[in-house]
Structures are given as structure tokens and as C-alpha cells.
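Following: one structure in C-alpha cells, then a few remarks.
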Amino acid sequence: MDTAELHHSLSDWFDGAARDLPWRLPGRTPWGVLVSEFMLQQTPVSRVLPVWTEWMKRWPTPPDLAAAPAGDALRHWGRLGYPRRALRLHAAATAVVVRHEGEVPDRYDELLALPGVGTYTAAAVAAFAFGRRETVVDTNIRRVHARLIGGDALPAPSLTAAETRRATELLPEDEAASVRWNVAVMELGALVCTARTPACAQCPVLDRCAWVAAGRPAPTYVPKGQPWAGTDRQVRGAIMHVLRHSEHPIPRHLVHERPVDLAHGISAEFQKLYTLNAPFEQLERALNGLLADGLAEETVQGVRLPG
DNA sequence: TAACCGTGGAC
DNA sequence: TGTCCAAGGTT
């Protein structure tokens, strides 16, 4: 197939459609790109934007973040979700200081060795921060390839070796063109070739799409829903919410006992936790899990974010 | 490998 | 209204 034409079509489309995201602007730094990739893991751009901006102002370089307590990173992570990402980003900053003299490394294997950096993030940072030719495979790229090339409505439930092979085959040989291709396919997946209701009328490669040619068949499997209400994740999230907003350590008993008087010196942040009405065993399991994960620590005064 | 890990907006 | 989903990583 003529992939050169495909490359040009998407590149031209990207010129007019690309969003002006701050981590893409000319003044961006590799650190800014790395931070954005951590925050964007399973998290929409719109929610990342304000947190990223504030984060970069507070910690403009890896040594800045490494010098701060891990608890500060968790606090300023806010409500982005998956707070272990904040912990790992802090650990990654420390590793950058220890192993790389405070500069984000520019090689895939060095990036991959950092805490919280997997195959996607390592490839994305190498490509987008350093202009390297890398096989970038994220959920957007997987979906675009599945439709455009594979003729399927959705990619397989988990990443397959065949998908990665296909992504590598589609990558332009030229380094600069490969970077552009990666970001353009991602953008197409984010803005046009979306999961729920793709805007095919706006698609620059509609006439090349195998899925459209096949009559847009329905997905061959049903995505597994993520249960939420009543789960440990919900309880952990509620406890973390309390810890983020607490100035002082919280006595352990307050985590699993409903206070007699909520208005008497007890933060309103507790309400979210108490209204869950979680069983004692679940509260214990959630709290102990947070302590084991390093998301919280226990002192004689009580439980708090790590120092 | 599949389960686990947060959060909130869109439809 | 409840379900689905968002630039994944780790174990």
C-alpha cells in the first residue's frame, strides 16, 4: 500500500487541526514532556492542563521536584487520579538526579528504566522531547490502526505483538517525519477517530479507512466495565482525599470511626469518606494498602502523606 | 496475564 | 442515570 500518501495526508491535516498544548510549544523542555506523559496516563487532556501548568511553575526541573517531600507531590497532584503516578514521578525525578545529573535522558532504554515509565512513555518522551524515531503505541494509535488498517471497530483488549509490529511498519523512515506521524495519529484518535462516536465526516483519511470500507462493523467484543461503587479503589481515593487536605496527621481511629460531631474540629473532607459507609475491614484494608504502597505513612500522631 | 490502581465528564 | 472512557504501569 502507498504509505507515503497516508503520511502526507495526516501531516497536512495535523497542520490545521493540532491543539496548542503547552508541552508541545517551542519553549517546552524534556522535563515538561515527561511530566505531561505521566499526567496523561489514563487521564484526559482537559484535566491535566491546569495541574501541569502549576506543577511546572513549582518544579521547573527534575532536581526541584526531587528536593521536595513526596507528600508535596501527592498534594499537588490534586484529583488527577492514580496518585501512585505522583509518587513514581517523584521517584523518577530522583533517579534522573542520581543517574543522569539532573537531565532527563534522551534514550529509550534509559527512559524505560525510570520508575513509572513503561514502553509507551519511554517512546513518547524519546520522540516528542528529543525528536527520536520510535514506535509509539498508545490507546489512540491502537484504535486508529485497528480501524484504518485492520478494518476493526476497536483494537484487542490488550496490546498484542502484531499491533506493535504494524505500528513499526507504518512509521516513516525519516526521523522528523516519524515524530510528526506519531503525534498526528494520536491527535486523529483523540479528536476525530474517537472511541464512542467517531467523526468520520472530518477524517482526512476516510477514503483509506478499512473499517469504513467494510461498512463500519460493530466491535467483536464488549469492553469490560470498571466497577467503582463499593470498591477498595473508591475507599482508598476517599482516604487520600482526606490526607491531601489535612494539615496534621490523622489519628487512625478517625479513619474508621464516624466522629460524633462532624462540625467540631473535623474537616468537611471527611464527609466523603464517611458517607461511603464502608465496612471496618475494608477501611483497614484500604488504609493498610495505602501505607504499604507508600502513599501514606504512620507516625505516633497518626496517618499522613509521606514526608 | 489479567487484575488492580482514581477521577470526573460525556452521553 | 448508569455506563463508558481517558497520551498506562506494575505485579
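Note that these values count all heavy atoms, side chains included, but never hydrogens, waters or copies made by symmetry. Residue numbers begin at 1 in each chain, while the letters A, B, ... track the order of the sequences.
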Have a look at [X] and say if it touches a base, only the backbone sugar-phosphate, or nothing, with a 4.0 Å heavy-atom cut-off.
X	answer
A:Leu21	base
A:Arg79	sugar-phosphate
A:Thr197	nothing
A:Pro83	sugar-phosphate
A:Trp77	nothing
A:Arg244	sugar-phosphate
A:Ser158	nothing
A:Gly81	base

Look at the side chain of [X] and the base of [N], then say whether one donor and one acceptor between them are separated by less than 3.5 Å.
X	N	answer
A:Arg47	B:dT7	yes
A:Thr119	C:dG9	no
A:Arg196	C:dC5	no

Review point. Is it the case that one hydrophobic cluster holds both A:Leu114 and A:Phe130, taking links as side-chain heavy atoms less than 4.5 Å apart, direct or via other members?
Key: yes
Practice item. Hey, which sits more toward the 5' end of DNA chain C by its nearest nucleotide, A:Ala190 or A:Pro115? Key: A:Ala190
Send over the distance from [X] [atom1] to [N] [atom2], rounded to a whole Å.
X	N	atom1	atom2	value
A:Leu114	C:dG8	CG	P	18 Å
A:Tyr82	B:dG6	OH	P	8 Å
A:Tyr221	B:dA2	OH	P	13 Å
A:Gln226	B:dA2	CD	C1'	13 Å
A:Leu87	C:dT10	CG	P	13 Å
A:Leu40	B:dG6	CG	P	18 Å
A:Gln234	B:dC4	CD	P	15 Å
A:Leu291	B:dC5	CG	P	15 Å

Review point. Any side-chain donor paired with an acceptor under 3.5 Å for A:Thr121 and A:Gln41?
Key: yes
So, are [X] and [Y] salt-bridged, with charged N and O less than 4.0 Å apart?
X	Y	answer
A:Asp293	A:Arg84	yes
A:Arg99	A:Glu110	no
A:Glu169	A:Arg165	no

With a 4.5 Å heavy-atom cut-off, do [X] and [Y] have their side chains touching?
X	Y	answer
A:Pro279	A:Gln282	yes
A:Leu188	A:Phe14	no
A:Val137	A:Tyr120	no

Check your understanding: Relative to each other, are the rings of A:Tyr274 and A:Phe270 parallel, tilted or perpendicular (30° and 60° limits)?
Key -> parallel
Check your understanding: Under 4.0 Å: is that the gap between some side-chain N or O of A:Gln42 and OP1 or OP2 of C:dA6?
Key -> no
Practice item. Return no unless some side-chain N or O of A:Arg84 is found under 4.0 Å from OP1 or OP2 of C:dT10. Key: no
**Study point:** Nearest to side-chain heavy atoms of A:Gln41, which nucleotide of B:dC5, C:dG8, C:dA7
**Key:** C:dG8
Practice item. Compare the minimum distances between each of B:dG6, B:dG8, C:dA7 and the side chain of A:Thr43, then state the nucleotide with the smallest one. Key: B:dG6
Check your understanding: Expressed as a whole number of Å, how far does the P atom of B:dA2 sit from that of C:dA7?
Key -> 23 Å
Check your understanding: If you measure from the P atom in C:dG9 to the same atom in B:dG8, how many Å do you get, rounded?
Key -> 23 Å
**Study point:** Near-strand residues of residues 122-144 of chain A, defined as heavy-atom separation under 4.0 angstrom from DNA chain C
**Key:** A:Asp138, A:Thr139, A:Asn140, A:Arg143
